[in-house]
Chemist: 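One structure coming up, written as structure tokens, with questions to follow.
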Amino acid sequence: MTSEGKPRALDVAELTAPGDVPPADVVDMAHRRQRHQDRLAGTVRGLPTQETATADGSEAIAALVLGTAITVQIEDDQPPLMRQALQHGRTWSEIATATGLTADQARAAYTAWASGLDEPDRAEALRLAG
């Protein structure tokens, strides 16, 4: 809830597909996902028993949707972070280790992202790719 007492879009959205997730911070999405998981497990504290008992497959779907949305957002954040690492002199080997990829895979993912940038950002990003 916001400080004004109004629910946020993420708190009231019906989640059946990743496109249903409104723009939100990863942490907020993770908190809502945990609430759905808690309802499924019957471990929601502070909620009336009947609300906990009404958990059905929609709780599992919402948790899956949020997991997908979190993954997509994190994956979208990776190339700009790779760029920052390269700007600070880090190697593809270090970036690969940090991302769980091979150096070639990390470079390919970064290059694909950089190729979609507008000039002059594209040229600078591709230069960093080496």
Side-chain angles (χ1 to χ4, degrees):
M1 291 259 185
T2 65
S3 60
E4 296 84 32
K6 297 179 183 178
R8 297 173 299 177
L10 179 63
D11 295 327
V12 297
E14 182 177 338
L15 304 175
T16 59
D20 296 338
V21 179
D25 183 79
V26 170
V27 172
D28 292 335
M29 287 189 280
H31 284 244
R32 175 152 180 204
R33 185 173 194 251
Q34 187 61 53
R35 287 195 307 267
H36 289 290
Q37 290 174 303
D38 289 346
R39 285 188 190 111
L40 284 166
T43 59
V44 177
R45 293 187 191 108
L47 289 178
T49 306
Q50 68 271 16
E51 185 171 339
T52 304
T54 62
D56 61 10
S58 64
E59 297 287 353
I61 294 296
L64 287 167
V65 165
L66 287 160
T68 300
I70 290 166
T71 300
V72 167
Q73 187 164 337
I74 289 171
E75 287 174 354
D76 288 349
D77 290 345
Q78 291 296 76
L81 291 171
M82 290 178 185
R83 181 182 189 170
Q84 290 179 357
L86 292 167
Q87 288 171 328
H88 288 90
R90 296 308 190 134
T91 66
W92 282 113
S93 178
E94 291 173 304
I95 292 169
T97 299
T99 59
L101 302 171
T102 67
D104 288 341
Q105 290 170 328
R107 186 186 311 238
Y110 174 81
T111 302
W113 169 79
S115 296
L117 296 175
D118 293 330
E119 290 297 341
D121 287 336
R122 179 182 334 152
E124 201 269 330
L126 291 173
R127 182 192 60 73
L128 285 170

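Quantities reported herein were computed from a predicted structural model and do not represent experimental measurements.
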Chemist: I'd like to check the salt bridge (charged side-chain N to carboxylate O under 4.0 Å, His left out) partners of Glu14; sequence neighbours left out, ordered by chain and number.
Modeler: none

Chemist: So among Glu94, Gln78, Gln105, which one has a side chain to side chain contact (heavy atoms under 4.5 Å, CB included) with Thr99?
Modeler: Gln78

Chemist: Return all side-chain donor-acceptor pairs below 3.5 angstrom for residues 66-74, not counting sequence neighbours, or 'none' if the list is empty.
Modeler:
{"residue": "Thr68", "atom": "OG1", "partner": "Leu64", "partner atom": "O", "Å": "3.1"}
{"residue": "Thr71", "atom": "OG1", "partner": "Gly67", "partner atom": "O", "Å": "2.9"}

Chemist: Suppose we screen for salt bridge (charged side-chain N to carboxylate O under 4.0 Å, His left out). Which residues come up paired with Asp20, at least two apart in sequence or across chains?
Modeler: none

Chemist: Mind checking salt bridge (charged side-chain N to carboxylate O under 4.0 Å, His left out) for Glu75 and listing every partner two or more places apart, or none if nothing turns up?
Modeler: none

Chemist: Any salt bridge (charged side-chain N to carboxylate O under 4.0 Å, His left out) involving residues 95-109? Give me the pairs, sequence neighbours left out, ordered by first then second residue.
Modeler: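 As it turns out, there is no salt bridge (charged side-chain N to carboxylate O under 4.0 Å, His left out) pair with a partner in residues 95-109 once direct neighbours are skipped.
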
Chemist: Taking only residues two or more places apart in sequence or in another chain, which ones pass side-chain hydrogen bond (donor to acceptor under 3.5 Å, both in side chains) with Glu124?
Modeler: Arg83, Arg127

Chemist: To the nearest 0.5 Å, what is the distance between CG (Leu15) and CD1 (Ile61)?
Modeler: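 With rounding to 0.5 Å, CG (Leu15) is 11.0 Å from CD1 (Ile61).
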
Chemist: List in chain and number order the residues that pass side-chain hydrogen bond (donor to acceptor under 3.5 Å, both in side chains) with Asp28, two or more places apart in sequence or in another chain; answer none if no residue qualifies.
Modeler: Arg8

Chemist: Run the side-chain hydrogen bond (donor to acceptor under 3.5 Å, both in side chains) test against Ser115 and tell me which residues pass, sequence neighbours left out.
Modeler: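 Ser115 satisfies side-chain hydrogen bond (donor to acceptor under 3.5 Å, both in side chains) with no other residue.
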
Chemist: Who passes side-chain contact (heavy atoms from CB on, under 4.5 Å) against Gln34, sequence neighbours left out?
Modeler: Gln37, Asp38

Chemist: Output every pair passing ring pair (Phe, Tyr, Trp, His ring centres under 6.0 Å) with a member in residues 67-97, not counting sequence neighbours, ordered by first then second residue.
Modeler: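 Pairs touching residues 67-97 that pass the test: Trp92-Tyr110.
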
Chemist: Restricting to side-chain contact (heavy atoms from CB on, under 4.5 Å), what partner residues turn up for Ala85, sequence neighbours left out?
Modeler: Arg90, Ile95

Chemist: Between atom CG of Leu10 and atom CG of Asp25, what is the distance when rounded to the nearest 0.5 Å?
Modeler: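 Between Leu10 CG and Asp25 CG, I get 10.0 Å after rounding to 0.5 Å.
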
Chemist: Quick check: closest heavy atoms across Ser93 and Ala103, and the distance to 0.1 Å?
Modeler: N-CB, 4.4 Å

Chemist: Can you pull out every ring pair (Phe, Tyr, Trp, His ring centres under 6.0 Å) where at least one residue sits in residues 13-41? Sequence neighbours excluded, please.
Modeler: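 Qualifying pairs: none.
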
Chemist: Working to the nearest 0.5 Å, report the span between OG1 of Thr111 and CE of Met82.
Modeler: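 It comes to 9.5 Å.
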
